[in-house]
Amino acid sequence: MAIVIIRQDGKSEEWRESLQKAAPGINIYVHGNEFPKEEVIMALVWKHPVGSLSNYPRLQLVNSMGAGVDFILDDPDLPPQVAVCRVVDPLLAEDMSEFVLSLVLGHIKNLNTYHGDHRRRWWQPLPYRRIKETKVGIMGLGALGATVARDLKDLGFAVSGWSRTKKNLPGITTYEGPGGFQEFLGGVSVLVCLLPLTPETQGILNTELFYALPQGTYLINVARGGHLQEDDLLQAIDNGQISGASLDVFEREPLPVNHAFWDNENILITPHVASVTDIDSVASLLLENYRRLKAGQDLRFEVSLSRGY
């Protein structure tokens, strides 16, 4: 019984070598090479080619190699009755938190604006906002969102959070479900999206949401590009409803060179780097799920196919 790695970023062999070193007794293969396909019971995937999972007739588990699973659930050739799991890793959450903290601090201290002024040789001091004057709203309070919320609170930010179901986080005002959404949006000056991408959250960052926020709110999207209606954001920025945005994820990646975001000085673009899975940090989790699968035990961080996370 074996594991196959399916990625499209040129890192498959690096992952195989690391996992094989940690578990020399397990056959670990790379998709696209020649090996007995009928041995494979577990696939480790990251944005795999659609249809590639159908090559493995005895497949029982598809484990994402990161926190997201939307690309797995969107695969029309995902075999039925196959379990899907994701990675929940403290290091991944810490990396995300540090990235979001950097973006929030850069925004309230005008660093993005000054970077543009620098290129224009323009000297223009601007009023700044203090931490204690800034309320940050977190959409999504899972493992990543909860860590980001706690770290912002510990720095002195006022923090609120919204999730599908009720969450209790000390020192953080939480809202849940459709009934709490409008109230949550009404008080924030920085909005951070860390939601899972599901049919319910697809396109949630749209005109209706933007105009439910206080005028001048700043948007940070580090979840998935599918959450954002891109034209709606551009219009909201042009109208002054949204003061600007930091975007790390996009509907199409890499972002096309002719995309309007590149030319908008109020949008900071980063190339999907907010939180990158560390091989050594998650290898033990992935291998533990393989052993649990063989033993018929409950899997760690199994995804509900009905909820999408």
Side-chain angles (χ1 to χ4, degrees), residues 45-47 63-73 84-107 135-155 157 159-176 181 184 188 190-198 200-202 204-205 218-228 245-250 253 268 270-286 289 300-304 307-309:
V45 302
W46 186 251
K47 298 187 177 179
N63 211 126
S64 172
M65 300 169 86
V69 295
D70 51 285
F71 62 94
I72 299 173
L73 303 182
V84 176
C85 293
R86 62 192 178 99
V87 163
V88 175
D89 176 38
L91 186 59
L92 205 62
E94 291 170 13
D95 287 351
M96 178 62 77
S97 183
E98 291 176 6
F99 192 84
V100 172
L101 291 176
S102 300
L103 295 177
V104 174
L105 289 168
H107 166 62
K135 184 173 183 179
V136 183
I138 310 293
M139 296 173 63
L141 295 174
L144 298 180
T147 299
V148 172
R150 284 192 294 263
D151 287 351
L152 285 164
K153 174 190 69 72
D154 289 346
L155 271 181
F157 287 95
V159 182
S160 62
W162 178 83
S163 53
R164 188 182 69 89
T165 57
K166 186 171 180 59
K167 305 285 186 179
N168 292 308
L169 299 174
I172 296 166
T173 304
T174 59
Y175 303 85
E176 67 277 349
F181 196 46
F184 161 72
V188 303
V190 178
L191 181 68
V192 181
C193 182
L194 274 164
L195 291 166
L197 184 61
T198 68
E200 290 72 30
T201 64
Q202 180 84 30
I204 194 171
L205 301 174
Y218 190 79
L219 174 68
I220 296 173
N221 187 18
V222 285
R224 285 291 182 268
H227 288 118
L228 177 63
S246 291
L247 306 177
D248 186 57
V249 289
F250 305 90
E253 295 182 2
L268 174 66
T270 51
H272 204 149
V273 292
S275 186
V276 180
T277 304
D278 181 82
I279 299 175
D280 295 330
S281 180
V282 304
S284 60
L285 169 62
L286 298 173
N289 261 356
R300 297 195 67 195
F301 309 120
E302 186 169 359
V303 172
S304 166
R307 292 198 311 265
Y309 60 91

So how far is it from Leu219 CG to His227 NE2, rounded to the nearest 0.5 Å? 11.5 Å
Measure the spacing between CD of Gln202 and CG of Leu228 and express it to the nearest 0.5 Å. 10.5 Å
Could you pull out the closest heavy-atom pair between Cys85 and Glu302, with the gap in Å? SG-CA, 3.6 Å
For residues Asn221 and Cys193, report the shortest heavy-atom separation together with the two atoms involved. OD1-CB, 3.5 Å
Where do Leu105 and Phe157 land on the side chain to side chain contact (heavy atoms under 4.5 Å, CB included) test, with the steps shown first? CA-CA 10 Å; Leu105 289 168; Phe157 287 95; 4.0 Å; yes
Would you give the length of the straight line joining atom CH2 of Trp46 to atom CD1 of Ile72, rounded to the nearest 0.5 angstrom? 8.5 Å
What distance separates Trp162 CH2 from Leu194 CG, expressed to the nearest 0.5 Å? 13.0 Å
Sorted by chain and number, sequence neighbours left out, ring-ring contact (aromatic ring centres under 6.0 Å, His included) with His107 holds for Tyr218
What one should report as the nearest heavy-atom pair of Gly161 and Ile172 is N-CG2, 4.2 Å
Please name all residues satisfying side chain to side chain donor-acceptor pair (under 3.5 Å) with Thr277, sequence neighbours left out, ordered by chain then number. none
Side chain Thr201, main chain Pro196, donor-acceptor under 3.5 Å: yes
Flag the pair Glu176 / Thr165 as yes when at least one side-chain heavy-atom distance between them is below 4.5 Å, and no otherwise. no
Can you find a pair of side-chain heavy atoms, one from Thr147 and one from Met96, that are under 4.5 Å apart? no
Residues two or more places apart in sequence or in another chain: which of them pass salt bridge (Lys or Arg N to Asp or Glu O under 4.0 Å) with Arg300? Glu288
So how far is it from Ile220 CD1 to Leu103 CG, rounded to the nearest 0.5 Å? 5.0 Å
Residue set satisfying side chain to side chain donor-acceptor pair (under 3.5 Å) with Tyr309, at least two apart, ordered chain then number -> Arg164
Is it the case that the side chain of Thr174 and the backbone of Asn168 share a donor-acceptor pair, with hydrogens and angles ignored and the cut-off at 3.5 Å? no
Any donor-acceptor pair under 3.5 Å linking the side chain of Asp151 with the backbone of Ser97? no
Do Leu191 and Met139 have side chains that approach each other closer than 4.5 Å (heavy atoms only, starting at C-beta)? yes
How close do Val276 and Asp95 get, heavy atom to heavy atom, and via which atoms? O-OD2, 4.1 Å
Do you know which two heavy atoms are closest between Ser160 and Tyr175, and how far apart they sit? CB-CE1, 4.1 Å
Pair Leu91, Val282 - check side chain to side chain contact (heavy atoms under 4.5 Å, CB included), show working. CA-CA 9 Å; Leu91 186 59; Val282 304; over 6 Å; no
Any non-hydrogen side-chain atom of Ile204 less than 4.5 Å from a side-chain atom of Phe181? yes
For the residue pair Arg86 and Ser64, what are the closest heavy atoms and their distance? CA-CB, 4.2 Å
Pairing residues for Glu253 by the salt bridge (Lys or Arg N to Asp or Glu O under 4.0 Å) criterion, not counting sequence neighbours: Lys47
Can you find a heavy atom in the side chain of Asp248 that is under 4.5 Å from one in the side chain of Val273? yes
For residues 219-228, the salt bridge (charged side-chain N to carboxylate O under 4.0 Å, His left out) pairs (sequence neighbours left out) are Asp70-Arg224
